[in-house]
There are 4 protein chains.
Amino acid sequence: MARRAAEKLRRNQPHQARSRATVEVILDATVRIFEGEGADAATTSRIAEVAGVSVGTLYQYFGNRDAILDALQDREFERAASLMQRTLANPDGASDRAIARAVVEGLFRLYRAAPALHRVLAVDGLRVTPAERVQAFDARIVGAIKTFLAHAKPRIRRSDLDAAAFVVYQSVRAAMLAYLIEQPPGVSEAALVDELTDLVVRYLSE
Amino acid sequence: MARRAAEKLRRNQPHQARSRATVEVILDATVRIFEGEGADAATTSRIAEVAGVSVGTLYQYFGNRDAILDALQDREFERAASLMQRTLANPDGASDRAIARAVVEGLFRLYRAAPALHRVLAVDGLRVTPAERVQAFDARIVGAIKTFLAHAKPRIRRSDLDAAAFVVYQSVRAAMLAYLIEQPPGVSEAALVDELTDLVVRYLSE
Amino acid sequence: MARRAAEKLRRNQPHQARSRATVEVILDATVRIFEGEGADAATTSRIAEVAGVSVGTLYQYFGNRDAILDALQDREFERAASLMQRTLANPDGASDRAIARAVVEGLFRLYRAAPALHRVLAVDGLRVTPAERVQAFDARIVGAIKTFLAHAKPRIRRSDLDAAAFVVYQSVRAAMLAYLIEQPPGVSEAALVDELTDLVVRYLSE
Amino acid sequence: MARRAAEKLRRNQPHQARSRATVEVILDATVRIFEGEGADAATTSRIAEVAGVSVGTLYQYFGNRDAILDALQDREFERAASLMQRTLANPDGASDRAIARAVVEGLFRLYRAAPALHRVLAVDGLRVTPAERVQAFDARIVGAIKTFLAHAKPRIRRSDLDAAAFVVYQSVRAAMLAYLIEQPPGVSEAALVDELTDLVVRYLSE
DNA sequence: AATGAATGAGAATTCATTCAT
DNA sequence: AATGAATGAATTCTCATTCAT
């Protein structure tokens, strides 16, 4: 494992660019299969086929099938985390509600772009023994929220910031995912965003 | 042909006590495997083994592997739904907060008894095409909440009851599940219940 | 001891009748399944179900699944053989052609009543190692034909009676079976009977 | 979904020499098992084992077990059809009897090379619902015979050519098969060929 | 590096047969 | 005798992974 990682780093520049491209092609193919054919269809052969490479090549870049999901998780986590951090940074004095709405809308856009993928990632996160990666990511998000809450003006009234951040993050995420997949009749996208924004604001504000 | 296929999914519906017991033994074995060995370990042979019956017997009661999950889902759904309905019935004039806390605590007990099972069921609910059963259950729960909200004294201030009920249910469920599986450091059970109760009450009351 | 045996014999009569009836019920159920659902559907459970008895009872009368087929074969063989012998006996001086036609028509009626059954029996007869029963039956039929040919007036011109009888029997049987199952367009039942009669007569007469 | 199912049955059609060779190895192994161990012994694992490949490889070339039989059928059909067409072409003015004998002898050689295989194929042809392939083949053979009969000099006296061709083909085929498998005592190969030739000639000529 | 044929462990499912009641 | 629940060996098929070219 360590050897593989070290060897990888030694590779040269042009190769790295091409490698990077192949990796992306494979990840994109996987996402496309998730969305179009369902998670069960994402076999290594099918991924390779859709990506336009051979299985052998696929294994050149990913030690095993799970590594593809891991990479996908990393990529999506990165997007979510950077979105959160950017939004929560609160550039100019936006109102609490405006910030909350921005976060909710941003996450919603992210999830809606690939609901099946996020479903799989959520499921993965629900493993009996969650990968450290998942816990690390959650901790990072929760940390960002916590920091935000901590630095917020006296408006935040929560005392247990850990619990509050955890509750807010999981609640919003799950409601969105369930909405995108179940498509419950009688609830519009706009209504969902409104309600979630309100949920967060009321929960956090004093 | 179609007749046979349909018949297959039904199988002997057990009316004898013996049969009922065997069904329970199989369901319990499945839950035990989920909790102890993870969902992937729940193969038909392993379930039969743990249940102390033969594969043949297993298939005498369940037309195929998925039928076991379906039965488990039915069982758990029934428990959750009856809990909700019982609690929301609001026997004597309990306060909103008291009712909310009762629901949260009840669900929490239910999930804590078999987190991995509920994870699987949630995952099942996150299928790209959720079974009608799942949607029916969600609709039932959301309906119960909606009815409660509709009949609540003027204290409820939500206008979009559909969206509100959906948001409340999914949020609470997901946060609990994530908590039970990730076991985030720094958040106690009591704190979680407190926070979720508060989340619900603040979201709904005015 | 003697008393018990005597008692047994006294009870036997009605029991034997009942046993005989059960056996028939099982055989008939099997034929019905062959014709209506196909040979693959004829599992022991399905046979018992259609016969209205339990599997246990089925095994009371037939040592194993193949024994059912054997009995069916015996029954059908008996019908075919008695038909042949009756017809070939040539009561009054019927013409060769009339006799041939009678045999062809008799067999055709027999096969048409249960084509799928006769297909299975034929297939069984085509086993790499045919059961002695099959060879015995074929020998019996061929023997009957041979005897008939031998005693025919000078009209029969075949020298190798064994080969001739074998050829006649197999040819007629197979053509009929293929006809009943393939239902070739452009060939009517009447035409088939005519042609087969002519085939036989021309082959045998001088 | 349907797309995937369709794709399954096709699989990699082998164009490389290597692939072609593997396909042949598998088909030959199947025939060998039929002849030596009986049709029931031809499980996918046993075929793979005798072929000296893994089950996985077998499924790389044949979408399912039946596809192997189909391929075998195609191969044998091709041989039989080309034999018939070649022989019936009647190059120079061979006599009717000579042509008939050539056909009978040719078919006999074909069947004798793998009687159990041809038994299975005949059985397959006797399916309650024969595959279109079987009907197509039979139609092709019967068509070739019919064409031959139609173009024969005034010697052919049959009026219903469809029925005649059908009767001739099925009769000869079945008698041969029964002979090869039952090995009836008292009938030599030479006698069988003689008798069948005579059967055909007498039936058709006038 | 890339390829894709080959591998084989493992999963779901069926069904003839047994045996306690 | 009759019942039918229970058995488990056997079968088909899948798919992650390897490795010779």
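The chains referred to below are lettered A, B, ... by the order of the sequence lines, with proteins before strands, and numbering in each begins at 1. Source: prediction; values computed, not measured.
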Distance check: side-chain N/O of S45(C) vs OP1/OP2 of dC15(E), anything under 4.0 Å?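 No, because none of the side-chain N or O atoms of S45(C) sits under 4.0 Å from OP1 or OP2 of dC15(E).
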*Measure the distance from CD1 on I68(B) to P on dA11(E) and round it to the nearest whole Å.*
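Checked: the CD1 to P distance equals 14 Å.
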Review point. Going from CD on E49(A) to CD1 on I33(A), what distance comes out if it is rounded to the nearest 0.5 angstrom?
Key: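 It comes to 8.0 Å.
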To the nearest Å, how far apart are N64(B) CG and dA11(E) P?
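These atoms are roughly 17 Å apart.
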- prompt: Got a second to check how far R75(D)'s CZ is from L121(D)'s CG, nearest 0.5 Å?
  reply: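 One gets 10.5 Å once the value is rounded to the nearest 0.5 Å.
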Inset, instruction - Grab the two heavy atoms, one from R119(A) and one from A39(A), that are nearest each other, plus how far apart they are. - result: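 Of all heavy-atom pairs spanning R119(A) and A39(A), the closest is NH1-CB, 4.1 Å.
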Take S54(A) and L58(D), find for each the nucleotide of DNA chain E with the closest heavy atom, and name the residue whose nucleotide sits nearer the 5' end.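 Result of the comparison: S54(A).
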5' precedence on DNA chain F between G52(B) and G52(C) (nearest-nucleotide basis):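 Its nearest nucleotide being more 5', the pick is G52(C).
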* Between the two ends of the helix from dA2(E)-dT21(F) to dT21(E)-dA2(F), what is the bend in degrees, rounded to 10 degrees, where each end axis spans five pairs? ->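 It comes to 10° between the two terminal axes.
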>> Closer than 4.0 angstrom, basic N to acidic O: yes or no for R46(D) and E37(D)?
In response: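 Result for this pair is yes, salt bridge flagged.
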**Gap between atoms CZ and P, on R46(D) and dT12(F) respectively (whole Å)** =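 Nearest whole value for this atom pair: 13 Å.
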### Query
dT17(E) C1' sits how many Å from I47(C) CD1, rounded?
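Interatomic distance, CD1 of I47(C) to C1' of dT17(E): 14 Å.
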What nucleotide among dT18(E), dT3(E), dA9(F) has an atom nearest to a side-chain atom of V55(B)?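 Nearest nucleotide to the side chain: dA9(F).
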Notebook entry, point to check: How many angstroms lie between atom CD of Q73(D) and atom CG of D66(D), to the nearest 0.5 angstrom?
Noted result: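 Separation between the atoms: 10.0 Å.
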- prompt: Is the shortest side-chain N/O distance from T44(D) to OP1 or OP2 of dT12(F) below 4.0 Å?
  reply: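 T44(D) to dT12(F) OP1/OP2: side-chain N or O found under 4.0 Å.
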Self-check item: Whole angstrom value for the distance that separates C1' of dA2(F) from CD of E49(C)
Solution: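 Rounded to whole Å, this separation is 17 Å.
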Review point. What integer distance in Å separates F62(D):CZ from dA5(E):C1'?
Key: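 Distance check: F62(D) CZ to dA5(E) C1' gives 15 Å.
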In whole Å, I'd like the distance from the OH atom of Y61(D) to the C1' atom of dC13(F).
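After rounding, the gap between these two atoms is 18 Å.
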TODO: Could I get the full list of ring-ring contact (aromatic ring centres under 6.0 Å, His included) partners for F137(C), not counting sequence neighbours?
DONE: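 ring-ring contact (aromatic ring centres under 6.0 Å, His included) check on F137(C) returns F77(C).
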Q | Euclidean distance, atom CD of residue Q60(D) to atom C1' of dT14(F) [Å, nearest integer] | A |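 These atoms are roughly 11 Å apart.
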Please tell me if T43(B) has a side-chain N or O lying less than 4.0 Å from either OP1 or OP2 of dG10(E).
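The answer is no; no side-chain N or O of T43(B) sits under 4.0 Å from OP1 or OP2.
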Exercise. Looking at CZ of R65(B) and CD1 of I47(B), how far apart are the two atoms once the value is rounded to the nearest 0.5 Å?
Worked result: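 Answer rounded to 0.5 Å: 6.0 Å.
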- Query: Closer to the 5' end of DNA chain E via nearest nucleotide, is it G63(C) or T22(D)?
  - Reply: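 Nearer the 5' end of the strand: T22(D).
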Under 4.0 angstrom between Y59(B) side-chain N/O and dC15(E) OP1 or OP2: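 Negative; the distance criterion is not met.
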Here's a test of your reading of the structure: between G56(A) and V53(C), which maps to the more 5' nucleotide of DNA chain F?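 Whichever sits nearer the 5' end wins; that is V53(C).
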